[in-house]
Structure formats: C-alpha cells, structure tokens
Visitor: 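First, the structure itself, so that you have it in front of you.
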Amino acid sequence: MRNQLFYATLKRVCVFLLICLPFKGFSQSWQAGGFLGISNYSGDLVQQRVDLKYTRYSIGAFVKRDINRYLTLRAGLTYGRIAGADSTNRDTLLLARNLSFRSPVFEAQLAAEINFLDLDVKHFTPYVFGGVALFSFYPTTKDARGNTVNLRPLSTEGQGMAEYPTRKQYNLRQFSIPFGAGIKILITDNWIAGFEIGLRKTFTDYLDDVSLTYVDQATLLRSKGPTAVEVAYRGDEVNPAHAVPGTYPADGTIRGSAKYKDWYAFTGFTLSYRFGGGGRNVWGRQKASSCPRF
C-alpha cells in the first residue's frame, strides 16, 4: 500500500514537472512574420567565396514558437534567386570557359534559435540558429541568341548517359543545413524586428550545373543534340579583348571542381507579430502559472 502511494505520488510529481517546468516564469507565444532580403551563391562559377555582383533578391514567411526566453522554434518558406558567370571573373582560365547560370531556389525550413538575452528585459537580443531544410533549384542559362536554356535535361557533364555510367543525374530537390546568426529588436510588446545572415550547406555540387569534367563532344552531340554542346562549353563565344576564343575541350578535361559542394545564403530583415502568449505582461511577470493542482 505504501509503495502504491509512493509511485502514485511520484507519477503526479513527474507529470507536474513535465507540464510546468518548461513554462516556469514564461507563457509560450507564437510569432508570424515575413523576411525580405538578398540571396547569394558560392560554387564553381565564382572566384571568391561569394561574388556580390550576382546578389539577387529573396522573400519569405515564417511562424515561430517561443519555448522559453532563450529558445525559439521556427518553420519557414523562402524563395530566392541565385546566379553566377565566368565573364566577370579575373582568372583567364575561367574567362575562357565562359559558363554562366541562374536558378530559382525555393526552401522549406525547420530550425531552432538560441537567444542570448531576455528580449522583454533588454528589448534586443543576438541569436544563433540551426536546423534542416528541403530546397529545390533549377539551373538555366542564356544561349548566344539570348534564349533561356534549361541545363539539367542536357546532361552537360554526361549525367545519366550510358557512356558515363558513374555520372548519375542530379536531383533538383535536396536537403541543406541552414545556420547563421542575427539580432532581434522588440519594437512593441507584440512587434519584433530583426536582421539575419543565414548560410546553407548543401550536399550537391550542381546548383550551377558544373562539377566534374567535359565529356566527349561527339558523344554529347549524338545523345543530347547541338544545344547541349553549345552550353557545355562557351569558350568560343568569349570577347577576344578578355580572353582568346577556344575550341571544345577533350573528353576528361577539367570543367569544374567536385572538392567542395555548392552553398547558397539568405540575408535580410525580418518583421514578426507575437500573439497567443501576448506581450511582456504574460511572460510570467504579472500572470500566475497555469499549472494543474493536485
């Protein structure tokens, strides 16, 4: 009988702790908001880590759940565009290659934010975040006549071709690891503004459709047609003032580098509205806990 009473009491205490400890001194609240900023790419078509000449726009929406003063969970959707081109590089080898691309990026993200300060006390807080994302992309380029060409179906590096069995066609939907840092500013009890820099580590080297080596010109022509040959090597289109026009390279000639995967980044401003837990007065400072009584 005593053991039964002990275990019943222990069970109630455990339930009490599970329900009340995460909310002690804090009433959870939700946030809904938007993001507006820029997007950038890092890969085979830029000399430096990021080429700001190819900065494009990004826009998004998100919801957040404040677990406590220092932990926030969030889910969001972001759309951006990325681009790059050899024509603006200084390296003569890259100028002679003369490749270019552009791609939309659509991302769905789940992440956690770690806030360093109590936002309602300090009215601002730096934070870091990390999570997981699923994104889609679709690289294209402009041909010599200015027409938009979809690159993936052309297998510019032999992807999916029988002659190159180890080169599988890349997936246009991939996972990435988003992480970064930012700052939040409490404008009113309910409105929160912020600025965030977010990097995305991907597991693909084909955001720009460039990774490995050139494939045999005749084989590519036979399998995918003249457009594939035209966009796989653009060195015959370069301006002689910047580089010497070339001819299609031999099979196996280096085209890109698979040593590092491609990255993309979203940087910009956020604005969110906090609700559900209300503003400062319901973060446990004036209102009592709603823990159950035994």
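For this chain, numbers begin at 1 and follow the sequence in order. Note that this is a predicted model, so its numbers are computed, not measured. Basis for what follows: all heavy atoms, side chains included, without hydrogens, waters or symmetry-related copies.
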Visitor: Could you give the side-chain donor-acceptor pairs of residues 250-259 under 3.5 Å, partners two or more places apart or in another chain?
Guide:
from	atom 1	to	atom 2	distance (Å)
Asp251	OD1	Tyr164	OH	3.3
Asp251	OD2	Tyr164	OH	3.1
Thr253	OG1	Ala250	N	3.4
Thr253	OG1	Ala250	O	2.8
Arg255	NE	Ala232	O	3.0
Arg255	NH1	Glu157	OE2	2.9
Arg255	NH1	Asp209	O	3.1
Arg255	NH2	Ala232	O	3.2
Ser257	OG	Lys259	N	3.4

Visitor: Is Arg173 positioned over the aromatic face of Phe135, cation under 6.0 angstrom from the ring centre and no more than 45 degrees off axis?
Guide: no
Visitor: For the side chain of Ser223 and the backbone of Leu220, is there at least one donor-acceptor N/O pair under 3.5 Å apart?
Guide: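 No: the side chain of Ser223 does not pair with the backbone of Leu220.
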Visitor: Check whether any side-chain heavy atom of Met161 lies under 4.5 Å from a side-chain heavy atom of Thr219, and answer yes or no.
Guide: yes
Visitor: If you apply the rule side-chain contact (heavy atoms from CB on, under 4.5 Å), what do you find for Gln31 with Ile192, and how did you get there?
Guide: CA-CA 9 Å; Gln31 296 177 40; Ile192 301 171; 3.8 Å; yes
Visitor: Identify which one of Glu107, Arg200, Arg81 satisfies the side-chain hydrogen bond (donor to acceptor under 3.5 Å, both in side chains) criterion when paired with Tyr264.
Guide: Glu107
Visitor: If we only count heavy atoms from C-beta on, is the Ile38 to Tyr57 side-chain gap below 4.5 Å?
Guide: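 A side-chain contact under 4.5 Å is absent here.
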Visitor: Is any side-chain heavy atom of Asn40 closer than 4.5 Å to one of Leu52?
Guide: yes
Visitor: Is the shortest side-chain heavy-atom distance between Phe195 and Thr270 below 4.5 Å?
Guide: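 With C-beta onward as the side chain, the pair stays apart.
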Visitor: Where is the tightest heavy-atom contact between Phe129 and Ala111, given as atom of each residue plus distance?
Guide: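 Closest approach of Phe129 to Ala111: CD1-CB, 4.4 Å.
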Visitor: Among the clusters formed by ILVMFWY side chains lying less than 4.5 Å apart, do Tyr170 and Trp263 turn up in the same one?
Guide: no
Visitor: Do the side chains of Thr55 and Ser39 get nearer than 4.5 Å, heavy atoms only?
Guide: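 They are not in contact (no side-chain heavy atoms under 4.5 Å apart), so the answer is no.
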Visitor: May I have the step-by-step check of side-chain contact (heavy atoms from CB on, under 4.5 Å) for Val132 and Phe175, ending in yes or no?
Guide: CA-CA 7 Å; Val132 63; Phe175 286 100; 4.3 Å; yes
Visitor: Regarding Thr140 and Asn150, is there a side-chain donor-to-acceptor distance under 3.5 Å anywhere?
Guide: no
Visitor: What is the minimum heavy-atom distance between Leu207 and Asp262, and which atoms define it?
Guide: N-OD2, 3.0 Å
Visitor: Which is it for Phe116 and Tyr70 under the ring pair (Phe, Tyr, Trp, His ring centres under 6.0 Å) test, yes or no, and what are the steps along the way?
Guide: CA-CA 6 Å; Phe116 292 105; Tyr70 305 105; 9.4 Å; no
Visitor: If you compare all heavy atoms of Ala144 against all heavy atoms of Arg234, which two are closest, and at what distance to 0.1 Å?
Guide: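 Looking at all heavy atoms of both residues, the closest pair is N-NH2, 3.6 Å.
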Visitor: Measuring from Leu119:CG to Leu186:CG, what's the distance to the nearest 0.5 Å?
Guide: 4.5 Å
Visitor: Examine Lys184 relative to Tyr127 and say whether NZ or CZ is less than 6.0 Å from the centre of the six-membered ring and inside a 45° cone about the ring axis.
Guide: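 Yes, Lys184 sits over the ring of Tyr127.
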Visitor: Is the positively charged end of Lys64 above the ring of Phe62, judged by distance under 6.0 angstrom from the centroid and angle within 45° of the axis?
Guide: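 Because its charged atom sits under 6.0 Å from the ring centre and within 45° of the axis, Lys64 does stack over Phe62.
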Visitor: Mind running side-chain contact (heavy atoms from CB on, under 4.5 Å) on Ile67 and Leu73 for me, showing each step along the way?
Guide: CA-CA 7 Å; Ile67 302 303; Leu73 302 181; 3.9 Å; yes
Visitor: Could you check whether the rings of Phe106 and Tyr79 sit parallel, tilted or perpendicular, using 30° and 60° as the cut-offs?
Guide: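 Because their plane-to-plane angle lies in the 30° to 60° range, the rings of Phe106 and Tyr79 count as tilted.
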Visitor: First locate atom CG of Asp118, then atom NE2 of His123, and finally report the distance between them rounded to the nearest 0.5 Å.
Guide: 9.5 Å
Visitor: Taking all heavy atoms of Ala85 and all of Ser100, pick out the closest pair and write down the distance.
Guide: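 Heavy atoms only, the tightest pair is CB-CB, 3.8 Å.
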Visitor: Any side-chain heavy atom of Asp236 within less than 4.5 Å of one from Thr247?
Guide: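 Of all side-chain heavy-atom pairs linking Thr247 with Asp236, none is under 4.5 Å.
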Visitor: Do the non-hydrogen side-chain atoms of Arg56 and Arg102 ever get within less than 4.5 Å of each other?
Guide: no
Visitor: If two hydrophobic side chains count as joined below 4.5 Å and joins carry through other members, does Val46 share a cluster with Phe266?
Guide: yes
Visitor: Can you check salt bridge (charged side-chain N to carboxylate O under 4.0 Å, His left out) on Glu113 and Arg65, steps first, answer last?
Guide: CA-CA 10 Å; Glu113 298 176 355; Arg65 177 73 160 172; over 6 Å; no
Visitor: For Gln159 and Arg152, test the side chains for any donor-to-acceptor distance below 3.5 angstrom and give the result as yes or no.
Guide: no
Visitor: Hey, quick one: are Ile185 and Ile197 part of the same hydrophobic cluster, counting side-chain heavy atoms closer than 4.5 Å, chains of contacts allowed?
Guide: yes
Visitor: Looking at CG of Asp216 and CG of Leu221, how far apart are the two atoms once the value is rounded to the nearest 0.5 Å?
Guide: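 Answer for the CG-CG pair, Asp216 versus Leu221, is 9.5 Å.
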Visitor: Looking at Asp44, Asp205, Thr204, which hits side-chain hydrogen bond (donor to acceptor under 3.5 Å, both in side chains) with Ser211?
Guide: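 It is Asp205; the other options fail the test.
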Visitor: With side-chain contact (heavy atoms from CB on, under 4.5 Å) as the test, pick out the partner of Tyr138 among Leu151, Val105, Leu172.
Guide: Leu172
Visitor: Would you name the heavy atoms of Ala108 and Leu77 that are closest together and state the gap between them?
Guide: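 Minimum heavy-atom separation between Ala108 and Leu77: CB-CD2, 3.6 Å.
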Visitor: Applying side chain to side chain donor-acceptor pair (under 3.5 Å) to Asp66 and Ser29, what does each step give before you reach the verdict?
Guide: CA-CA 5 Å; Asp66 295 316; Ser29 61; 2.9 Å; yes
Visitor: Determine, stepwise, if the pair Asp86 / Arg97 fulfils salt bridge (charged side-chain N to carboxylate O under 4.0 Å, His left out).
Guide: CA-CA 7 Å; Asp86 285 334; Arg97 186 179 60 178; 2.7 Å; yes
Visitor: Applying a strict under-4.5 Å side-chain criterion to I, L, V, M, F, W and Y, I'd like to know whether Ile82 and Val149 cluster together.
Guide: yes
Visitor: Within the side chain of Asn68, is there an N or O that forms a donor-acceptor pair under 3.5 Å with the backbone of Leu71?
Guide: yes
Visitor: Ala96 and Tyr233: which non-hydrogen atoms are nearest, and at how many Å?
Guide: O-OH, 3.9 Å
Visitor: Working to the nearest 0.5 angstrom, can you tell me the gap between Thr166 OG1 and Leu212 CG?
Guide: 8.0 Å
Visitor: Run Lys201 and Ser176 through side chain to side chain donor-acceptor pair (under 3.5 Å) and show every step you take.
Guide: CA-CA 5 Å; Lys201 173 180 172 54; Ser176 68; over 6 Å; no
Visitor: Do Gln174 and Thr202 come close enough that some side-chain heavy atom pair is under 4.5 Å?
Guide: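 SC-SC contact between Gln174 and Thr202 ruled out.
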Visitor: Mind checking what makes side-chain hydrogen bond (donor to acceptor under 3.5 Å, both in side chains) contact with Tyr54, not counting sequence neighbours?
Guide: Thr88
Visitor: Go through it in stages, so that I can follow the logic: the residues are Asp143 and Thr227, the test is side-chain contact (heavy atoms from CB on, under 4.5 Å), and I'd like the CA-CA distance, side-chain angles, deciding distance and then a yes or no.
Guide: CA-CA 9 Å; Asp143 65 18; Thr227 301; 5.8 Å; no
Visitor: Linking I/L/V/M/F/W/Y whenever their side-chain heavy atoms sit closer than 4.5 Å, directly or via other members, would Tyr206 and Tyr41 fall into one cluster?
Guide: yes
